[in-house]
Amino acid sequence: MKLTTMAWRNLWRRKRRTAITAFSIAFGVLLAVTFTGSGDYVYTNMINTGAQMGLGHISVEPNGYNQTPGLDKRIHQTTALRQQLIMMPGVSDAIVRIMGQAMFASARKSVGGAFIAVDPAQESSVNNLFIRSIIAGSRFTDSNGQGIVIGSRMAQKLGVTIGKKLVYTTTDVNGEIVSEIARVSAIFQTGVTEVDGAMALLPLDRVRGTLRYQADDATLVAITIKDHRATDAMTAGIAAQVALPEREVLSWRQTQPDLAGLIAMDRSSNYVTQTLIGLLIAAGILNTLLMSVLERTREFGVMMAIGMSPHTLFRLVITESLWLAIIGLVFGIVITAPWYHYLNTIGIDFSGAMGDDYSAGGVLIDPVMKVYLYRESVIAILAGVFGLTLVAGIYPAWRAGRIPPVASLKTL
Amino acid sequence: MDTHTHIVRLERVSKIYHQGKIAVHAVDNLDLEIDVGDFCTLCGPSGSGKTTVLNMIGGLDVPTSGHIYLEDRKLATLNRSQLSRLRRDRIGFVFQAYNLIPVMTAYENAEFVLRLQGQPETQCRERVMAILKEVGLEGLEHRRPDEMSGGQQQRVAIARAIVTNPAVVLADEPTANVDSVTAGALLDLMQKLNEENNITFLFSTHDQRVMDRARRLIRLRDGKIEYDDVRSLPG
């Protein structure tokens, strides 16, 4: 009889105990999928949303702009740069933008804020969160026109509606104060209070003129990529191709350190939680296997007496834990699949508990908790649960191999 | 001393157990030789040391002093793995409580040691079927221990003990848990295996029926040989 067959049969000598242990492994799979899946989904969502709020996953900027932003810093020949970037594998879009600070004033009031000057031809609801979040009016289409898209809270503060005029004041490339009139063409509402109260979109060419930029100048080219997990590798790759002494290539982790910190902290606490759950489950598995070994002391003694080596006995118990892991994983997949499908397609709506501000780290988050697992996460969960079960089997297996035959064979 | 005819040899073997502060001499300076083809019984009252002697010959226990040789191999020089291999290849065990592996059928129990030796399944089959037929279990190959009587289980245990052609079979009270008819049949079987295959049997027993069949009867008392009687049995 093969060791695997023997181990399989041994496992089913105590059907209830094996079933309970397999269920605890399965429950571990379910928890791991829920935690990891929600992490994968939320982090991806936050990173992609953050990228659509101006800076992209990767940005090409003037040297020092990230540390001390100012409209006096700019990069040139952005059209050619954009074309070069778009052709690169893994890049889904490259958008030329000018980002800066401005004072916005209506006839009644003025508020400080920030603007992103955009080329309407390059922007869409896919790569620009503000355009996707328009709740009134329509975005401007003339890059040299007077249109402005503002946040709902800013509109409220300034007391303006669609079609109304306002004036924005900023500093030009030489540090001189410059002003321009704009007319509200659309109002957006992202759900992030500070963004809705202080952010505006302006036409790129118009702003270039106001700031006395050359026709092809901008403060950055924001790059969105197909898979944010490739950010670091792509940042290095892009830097190798397009970096010049006067410009640098930065990843979202560098341009949005608050978001990166928040994700890193949340991910760490997620791992700690999962590790603790894993240890609890491993303790249960250890208990089951150890009990199973201790109650078979005599049987193991017989096996060793008739010639089974301690090493083979060790392998037998490890094989039992291997089977337990497989049963638990299969059971886990069976109970987790419908749960995952529900969370992936429908999710759990927490909007009632979040109030009006759906933001974290300055980035919009989805109030509906959903899950999505990356392939490497699936592999990590399966390998983790499998490995944990095997590790939990090591001590009982070692104990089995150390049982002195004579102690267990009292009647011989 | 000519060791070639001795399959087992004990030289001044002692075994001392400690029960609290009291030292118990289970075996006391014992010299013993078992010859190839012996059908030998260790008897004596409880606590006389016969179980301990069997344990030590089987490499399951180690003497406090003295030396044990099995086929001229000094057991004290072997490590755990070497002892396992020695038991697997050269010793057969028959236990009082059968001690079959409950998740295995009669066939698989008998086959088990051959598989431990690494013999391929197809090669084992012929040998195992022949042994099971020899011990009278033809047709019961697929039964598990809990589906067999005590006598049938002990037959499986004997089949498991002899399937590898061991040098010696160590049998502890092999008839203790079976009725007298079954005991007689089991003894017939072991005697037949001894005579036809020249397998050495060493019993530990209280059973007079076993003692009556033995060609050599060694009586132990307080860890020492009280008498050692080599007999010529009729038939």
Side-chain angles (χ1 to χ4, degrees), chain A residues 1-18 289 291-324 327 397-412, chain B residues 15 50-62 79-105 107-118 121 124 144 157 160-161 163-164 166 170-174 176-177 204:
Chain A
M1 179 192 265
K2 286 179 183 166
L3 214 59
T4 47
T5 312
M6 193 174 168
W8 173 259
R9 289 187 194 170
N10 278 336
L11 216 53
W12 295 107
R13 286 160 77 169
R14 300 274 187 179
K15 293 185 183 69
R16 190 181 300 175
R17 189 165 67 194
T18 298
L289 290 170
M291 277 174 65
S292 154
V293 163
L294 294 178
E295 70 188 17
R296 286 185 289 160
T297 300
R298 184 183 176 80
E299 190 175 311
F300 290 153
V302 171
M303 288 177 175
M304 284 201 275
I306 63 177
M308 187 180 248
S309 66
H311 175 67
T312 310
L313 204 51
F314 179 90
R315 276 173 46 217
L316 174 69
V317 178
I318 281 290
T319 309
E320 287 175 20
S321 66
L322 188 103
W323 274 126
L324 197 56
I327 295 166
W398 180 81
R399 276 288 297 261
R402 302 293 299 175
I403 292 170
V406 72
S408 52
L409 292 171
K410 291 196 173 69
T411 58
L412 181 70
Chain B
K15 179 70 184 180
K50 51 190 189 300
T51 296
T52 307
V53 170
L54 277 192
N55 283 344
M56 290 191 294
I57 292 171
L60 301 174
D61 203 353
V62 288
N79 61 29
R80 276 161 60 91
S81 297
Q82 288 169 325
L83 278 173
S84 289
R85 276 199 295 278
L86 181 75
R87 286 195 293 265
R88 184 189 69 189
D89 299 337
R90 304 305 297 151
I91 304 173
F93 285 93
V94 179
F95 306 99
Q96 177 181 340
Y98 326 131
N99 286 334
L100 300 179
I101 297 167
V103 295
M104 292 182 179
T105 63
Y107 177 89
E108 289 162 346
N109 264 289
E111 181 203 34
F112 185 59
V113 189
L114 291 176
R115 297 308 301 273
L116 285 178
Q117 288 180 332
E121 201 169 348
C124 297
R144 290 204 181 177
R160 181 177 67 185
V163 75
T164 55
L170 304 176
D172 170 61
E173 304 277 9
N177 285 348
S204 153

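Below, chains carry the letters A, B, ... as their sequence lines are ordered, and counting in each starts from 1.
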Counterpart residues, salt bridge (Lys or Arg N to Asp or Glu O under 4.0 Å), relative to A/Arg13 (two or more places apart) = A/Glu299

In terms of heavy-atom proximity below 4.5 Å to chain A, should B/Leu116 be classed as side chain, backbone, both, or neither?
-> side chain

For B/Glu121, does the CD atom have more than 12 heavy-atom neighbours from other residues, nucleotides or ligands under 6.0 Å away?
-> no

Please determine if B/Glu108 and A/Arg9 form a salt bridge, counting it only when a charged side-chain N lies under 4.0 Å from a carboxylate O.
-> yes

Nearest heavy-atom neighbours spanning B/Arg80 and A/Pro310 | NH2-CG, 3.3 Å

Search all heavy atoms of B/Phe93 against all heavy atoms of A/Ala305 and return the closest pair with its distance.
-> CE1-O, 2.8 Å

How about A/Leu3 and B/Arg115: do any of their side-chain heavy atoms sit closer than 4.5 Å?
-> no

Under a 4.5 Å cut-off applied to non-hydrogen side-chain atoms, are A/Val302 and B/Arg160 in contact?
-> yes

Measuring from A/Met304:CE to B/Ser84:OG, what's the distance to the nearest 0.5 Å?
-> 7.5 Å

Given B/Pro102, B/Gly58, B/Ser204, the one with more heavy-atom pairs under 4.5 angstrom with chain A than any other is B/Pro102

B/Arg87 side, atom CZ; A/Ile306 side, atom CD1 - distance, nearest 0.5 Å | 10.5 Å

Which bit of B/Arg144 comes within less than 4.5 Å of chain A, counting heavy atoms only: side chain, backbone, both or neither?
-> side chain

Shortest non-hydrogen contact between B/Ala97 and A/Arg298, atoms and distance | CB-NH2, 3.9 Å

